[in-house]
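Chain letters run A, B, ... following the sequence lines, proteins first and then strands; every chain starts at 1. From a predicted model like this one, the values you see are computed outputs, not experimental measurements.
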Amino acid sequence: MELFTGLSFSVLCIQILVGLSKATILFIVASGLTLILGVLRIPNLAHGSLYMIGAFTTYSIATAFSQSSLGFWIALLLAPLIVALIGLIMEQGLFRFLYNRDHLMMLLFTFSFTLVFGDLVKLLWGSDYRSLAVPEIFQGSYSLLGMPFPRYNLFLLLLGPVFAAGLWFLTNRTILGKISRAAAVDREMVGAVGINVNRIYAAVFVLGCYLAGVGGALVAPTQNISQGMDHSIIIEIFLIVIIGGLGNVWGALLGAVIFGLTDAIGILVAPQFGIIFPYLAVITVLIFRPKGLLKSIW
Amino acid sequence: MISGVFGKKSLPLVVLFLVGLIFLPYAAPRFYIYLASVILVTGLLATSLNLVLGYGGLYQFHHAVFYGIGAYTTALMLTKTSLPTWVAFASAPVAAAFFGLLIGLICARLSSLHFGMLQISLGSLIWAIVYRWYDFTGGDDGIHGIPVPEAMSATTSSYYFILAITTLCLLLMFIIIKSPFGRILQALRDNPERCEAIGVNITRHRIIAMVIAALFAGAAGSLFVILEGSVFPELLSWTLSLEILIMCLLGGWFTFFGPMLGACLIISMRTFAGNYTEYWTLILGLMMMLTIFFLPKGVFGFINQLFSSKAPDLPLEESSHVAD
Amino acid sequence: MLEVKAINTYYGLSHILFDVSLSVHTGEIVCLLGRNGAGKSTTMKTIMGLTPPKQGEIVFKGDRVTGLPAYQICRRGVGFVPDDRRVFADLTVGENLEISARPRQGFDGWDKERVYNFFPALRALEGRRAGVLSGGEQQMLTIGRALITNPDLLLLDEPTEGLAPIIVEMLEEKILELKAGGLSVLLAEQNQNVALRLSDRAYIIDNGHIRYHGSIEDLRRDEAIRHKYLLV
Amino acid sequence: MLQIRSLRKSFDGFLAVKEANLSVNPGEVVAVIGPNGAGKTTLFNLVSGQIRPDAGSIRFKGEDICGLRPHQLCRKGMSRSFQIVKIFSRMSVFENVQTAVISRMKKTSNLFIPAHNIAVKETEAILEAMGLIDKRDSICGLLSHGDQKVLEMAISLGSDPQLLILDEPTAGMSGEETARAIDLMKHLSRQRGLTILFCEHDVELVFSFADRIMVMQQGSTITQGTPDQVRNDPQVKKAYLGSHD
Amino acid sequence: MKSTFKFFCLAAFVSCCLLAASSAFAAKTIKVGIVDTYSGPASTYTNDVRDAFALAVNKINAAGGIFGQQVEFVTRDSKFKVDLGLSAAKELVMREEVDILMGTINSALALALSDFAKQEKIPFLATFAKSAKITGEKGHRYVFSMNENTAMIGKAAAAGLAKLPYTTYWIAGDDYEYGHAVADGVWENLKKLKPEVRLLGQSWWKVGEPDFTPYITAMLAEEPDAVIIATGGRDCVPFLKAAQTTGFNKLVPFYMHTATEISTLKPLGLTAPEGVIGTANYHSYYPDTEENKAFVAEFEKAYDRTPAVGALYGYITAQFISKAYAKAGEVNTEKFIDALEGLSVDSPVGTVTMRAEDHQVMLPMFMGMTTKVEGKQFLVASEIITIPAEESMPSLDEIRKARQL
């Protein structure tokens, strides 16, 4: 097989950029998962479902405002909030009572949520595909190094660092972030200095869900909004979180970049076997660094 | 010896139940015989998972891989070679056990969630290979119309064959659980550190446990071929792995017959609820939530606790050092 | 100020505290003496609401606080310094204090600045991760962290344990300084020398039972009791 | 039997054990004392292979055992109990001890004989000796703390060790329980000729029972000697026993 | 282990299940069992099959049924899982005692059901699975295909593409049987028809791939004259979307089966790319005949949506069933099959025939190009050319050769 035919510099660059823009969405969704995993210790399988709900809600809101050119932007603002609200209900209504349960039981519990959400989405939105137009200003593509590069991907590419910076600010510069870092390690002691840990947990859970919603809203214009979105993303983000180091937001970033890049470059190098590259990367990482690349809270 | 293993009280009940199952084909319509076969095969798979999950405390998240490997081995032997049929069936557990060893060697030194996730990635890799190797495995179409000998494939005869093998496997697993090895396995689940301190090689034991579990999963896989005459990549998918995990947890993962009960519950539910509503997964999800909320030890664990004066009411955190 | 009435605490199934009663009045340092494993830490945790008692009552400033979550007990004015320190290792010294700060309206309470003035050594360590501090520094941080919640009662669980004598001396001075500032202290100790120097009254706990209660002078005189329960 | 030279171990920059030296002769009962945080438990974890030392040497029966895993050390005849109870909480008392015996008999890979018939006599003998025989079938997660600590010791005995390492065997015990545990230890060392290395908070108990004592402070060995030598060591008096008199 | 009650409970549960299930059997009707995917992305297609089938069955029943017997049907959701579908089918046959099995968009399940149908000697009508193996290599007396298969797609597309002036191609598609089969089919036939064509390379993505941009840029790097996209079902929509955003359709012409179909184009609305070459079995607006208009009107009235290609399959399946039974004169499987072989029925796309030799329905294929049309909310196919079934069907020789293997 001619592995490297036409693997020119410009193609490689574009492919890396595309991989990074894909990594952005993975990062946003995975960071939510890793926050919940790190602070609340819930391996939340329902995270994928929340992402799916985010995408469907975005679709509905954007369609409702379809006369306005701002439809997508309104949706991008509102849909994650709705998802966050669902998260709040989940946390306050159910998870709150289960914090000292076994991880496996939590896993199972969140899995039952994926079943319920899966069918609820079907009940609410039906089983047809939905597709949302890319917002007007990002339609079409730029020409970069002679290759087309979709404007929307550029938008995603820019959004990645924004979210990373936002999360950095949140975890390192705000009281909530500092408390949640402390609570991840020693929940009891956080309570003993007068902080209502339950409220912190709720806040972190809601934040995590919000991020899942943002991820869902952001992919809505690029792909089919359909049932099954939850299944396809959940394993990917779990692997990302694992190779990055459980509970470590920067690990999620690193993992997402590794995942996005191995995927995009794999396609270029060996298109026939593109799908196995990310898995190979994960296996390699876990064999050499079983606890993930960065420090894990667990 | 066996009566000693089973305990005097429960042996008659097991025999009674077995007799009931033996006479089932005389009483039930054909579909229920088939359904019972499905439950037995799936229950065997779930029980084999529980060997490492409930008794060994390992987060075996991708157990279906071994099931699929068993099924594919039998299918490939039957379709691509002219070896005798029994070789095809005998090689399934062997092949599965081999993969169990392979995956065990790679995973065994990791713990809890990391163990499970590495297993999922390795399993997904095997799945991907099966899914796309058209010439060998038939790709995503799978292999259908596998020439299972007539004497085995008819509903009733396949039921008896499955019943016999399942009973044998369950008996073997029961003996293993009651054996010194099984004792050490449970000790590993309860307290790996103490196990090391009394001279147990943890890694080796975990690998052996995975091999044994894979062996029985492989046997279940070959039974699936007898039952359905088809194999397809979904037999190795992680969603199936999760399903059997649920069976274990729902039925009760610290009990021997829990997974079998879990399989029975879930399969019956999806068969009969599926007739009335498209949304049976919703019902299943709600049912599971309720179970977890109110019966953290699973249905069987709950029954056990209700009726058995000896069942310890240990605090739940006890089981959480499985995790770390 | 604090009234503990016949509390019984269990860890899982093991019974740790048996009808423990004690009281702390405003402005005094009360010492809870006992050997390792006698139940001192459990008493502290029970008061703090971390291991709620199965029976008994805890009254703080006239309110019943039994069964309240830890954060509410803290907000009512109990500061907790655990024996194993438990600083938030991933956070810097400054952050440790920031998240614990609970400023009071209308009067001159503890803030970061005052903690740094109190423990000048901490000021230089502000940006350091708490996990890498030495034992003495961590102990100062835990006390600072408890102070910044502006407590009326401080629960000090073996503050001098495992520390170099010079640091122990410094901490003792600081504790007396706090007392002078009007703070009540419940001090758990196994080192009776520290206890005898600091406290006004003492309880001796052994195997989850309060075995002795009296003024510090009485205890100092009663060699037999000290020998029986404190083994020196 | 056991020689430790200049052992050192640090965690994340925190020096838990700085300079530990210790020697244990066959048949001796040796105690390690020191204030909390002196590094006793770390030292024991180093000896029993739970963690690897950064520097120094540990020799057991003349053989360098640095870096060996706990299960290998157990096979060499070293057995330990833990400060925080580590037992198989879902099993009965009998099964707990029996498991250790099974492991010692190297029958752990045996798949096809029922475990409950193995080594019944031997297990019962240990239970008898430890006074647990009437709790034979209780689920040990439900035992009292004192019984669990004794069970800890019994499990360690199941490995039939030459050197028994006990990490605070009486921590959290009541008065009578402590007395019982001490009697058991005396019994073990006298009747079975076991070498015992233990650490303990209860200084009086240590002085009454140990053949020799090692004193640790802040990760370093201060001194090692007979109870009398240690009692009169001025350094020990100052650092550990307090200097109020 | 010690509890004796657990066995009682297990036993009680199983017997309860058995009792609950032994319900009474229904009155004498012709019963059709449909096993298909009704959840997940594929249900976009399968709902149309079911609904059109129901529409036709209601009409038949309203007209008095087939020689007086009413037609009844039950559905089971396979969730795109073979094992679920297979046990649902067994339940339908063994418990519901259906006379005919039909359904499934999942090729693996279709093949498994076909095998089961062969054992049980019950007719199985495959309504949406496109694997050529169903009526080719694995064909037998009891299986019928009610839709086009990959071999037909390949032949039809090749016939169309051969007329276009491109010589260098790139092939890309879904990495599963359907994708590969379509790609191979198109390519082999195209090479026969136009020997000078050259393949530059291929790329394959996993089913459900969320982002096609990396693949598109990789393909563009190779500068082929044209690209054959062998992707089906849910991936068509996002691929077209990615093609639109990257401007792929303007840079390189590409062919994709079902690109012109309404299921693909409707979700995209007016943002779908123009100029994509596609093939389809059915358009609600083409052929512009009275039959088709009537069918569309009826379907829209009943379900308030435009029928897509699945509706055609569902409709003709119902027609074939009723006509075959009418011809057979009684409810008898063997006679039904004999009657079905070579049977012709009227359909919105004209008269279609069930080829007797391989049980493959002969459907015409329409090749067109996506175009925006004033007043429509989505793109439609224009410059439609009809490729008659005779041209696209695999030859009987090929079938015989495949079945001997």
Side-chain angles (χ1 to χ4, degrees), chain A residues 37 41 43 45-46 49 93-94 97-98 100-123 127 231 234-236 238-243 245-247 272-287 289-292 296 298, chain B residues 53-54 57 59 61 106-107 109-125 127-129 131-132 237-239 242-243 245-246 248-250 253 277-293 296-298 315-324:
Chain A
L37 204 55
R41 313 260 157 157
L45 282 178
S49 310
L94 293 166
F97 306 103
L98 297 172
N100 41 18
R101 291 286 176 89
D102 191 276
H103 296 314
L104 213 51
M105 279 295 164
M106 282 307 242
L107 197 80
L108 186 59
F109 194 68
T110 57
F111 181 73
S112 28
F113 261 109
T114 65
L115 297 180
V116 171
F117 279 147
D119 268 1
L120 281 181
V121 165
K122 189 173 147 194
L123 269 171
S127 54
H231 276 265
I234 189 72
I235 283 286
E236 283 184 11
F238 249 102
L239 292 175
I240 285 169
V241 165
I242 293 274
I243 59 171
L246 287 174
Q272 300 258 33
F273 299 100
I275 42 173
I276 65 168
F277 278 78
Y279 286 113
L280 281 179
V282 171
I283 292 167
T284 320
V285 167
L286 284 182
I287 284 175
R289 292 204 54 126
K291 294 250 159 180
S296 158
W298 278 41
Chain B
L53 182 82
Y59 280 14
F61 281 174
I106 301 173
C107 295
R109 61 203 178 89
L110 300 193
S111 62
S112 70
L113 222 49
H114 295 96
F115 174 92
M117 291 319 278
L118 181 58
Q119 211 184 34
I120 285 189
S121 17
L122 285 167
S124 304
L125 208 63
W127 171 84
I129 291 166
Y131 191 80
R132 22 172 326 130
S237 70
W238 71 272
T239 40
L242 266 181
E243 262 169 47
L245 197 76
I246 287 163
C248 289
L249 299 185
L250 199 67
W253 54 313
T277 169
E278 256 179 57
Y279 298 101
W280 64 265
T281 43
L282 183 92
I283 300 167
L284 179 66
L286 292 173
M287 212 173 81
M288 273 163 51
M289 281 187 195
L290 290 174
T291 313
I292 296 163
F293 226 90
K297 287 175 188 168
L316 257 169
E317 311 90 79
E318 280 294 327
S319 56
S320 67
H321 46 82
V322 170
D324 298 292

All heavy atoms of A:Met105 vs all of B:Ile292, minimum pair found to be O-CD1, 4.1 Å

Rounding to 0.5 Å, atoms CZ (B:Phe61) and CZ (A:Phe238) come to a distance of 8.0 Å

inquiry  = One pair to check against side-chain contact (heavy atoms from CB on, under 4.5 Å): A:Leu107 and B:Tyr59. What are the steps and the verdict?
reply    = CA-CA 11 Å; A:Leu107 197 80; B:Tyr59 280 14; over 6 Å; no

When the 4.5 angstrom heavy-atom criterion is applied to A:Phe113 and chain B, the contacting part is both

Looking only at heavy atoms, the pair that brings A:Val116 and B:Leu282 closest together is O-CD1, 3.4 Å

Step by step, would you call A:Leu104 with B:Leu53 a side-chain contact (heavy atoms from CB on, under 4.5 Å)? CA-CA 10 Å; A:Leu104 213 51; B:Leu53 182 82; 3.6 Å; yes

Whatever's closer than 4.5 Å to a heavy atom in chain A on B:Ser121 counts as both

Scanning both residues in full, the closest heavy-atom pair of B:Gly285 with A:Ser112 reads O-CB, 3.3 Å

The interface call for B:Ile129 against chain A, heavy-atom contacts under 4.5 Å, is neither

Rounding to 0.5 Å, atoms CD1 (A:Ile235) and CD1 (B:Ile120) come to a distance of 4.0 Å

The reported gap from CG in B:Leu242 to NE2 in A:His231 (rounded to nearest 0.5 angstrom) is 8.5 Å

ask   = Under a 4.5 Å cut-off applied to non-hydrogen side-chain atoms, are B:Leu249 and A:Phe111 in contact?
value = no

**Within-4.5 Å side-chain heavy-atom neighbours: B:Trp280 and A:Asp119** = no

Assert top hit (heavy-atom pairs under 4.5 Å, partner chain A, pool B:Thr239, B:Leu122, B:Ile106) equals B:Leu122

Rounded to the nearest 0.5 angstrom, the CD1-CD distance for A:Ile283 and B:Gln119 is 11.5 Å

If one checks every heavy atom of A:Leu94 against chain B at 4.5 Å, the contacting part turns out to be both

Nearest heavy-atom approach of A:Pro290 to B:His114 is O-CD2, 3.1 Å

Here the gap from B:Ile246 atom CD1 to A:Leu115 atom CG, rounded to the nearest 0.5 Å, amounts to 6.0 Å

The reported gap from CD1 in A:Ile287 to CG in B:Leu118 (rounded to nearest 0.5 angstrom) is 6.5 Å

- request: Please examine the side chains of B:Thr291 and A:Leu108, heavy atoms only from C-beta on, and report whether any two atoms are closer than 4.5 Å.
  value: no

* Asked: Mind checking whether B:Met117 and A:Val282 have side chains closer than 4.5 Å, heavy atoms only?
  -> no

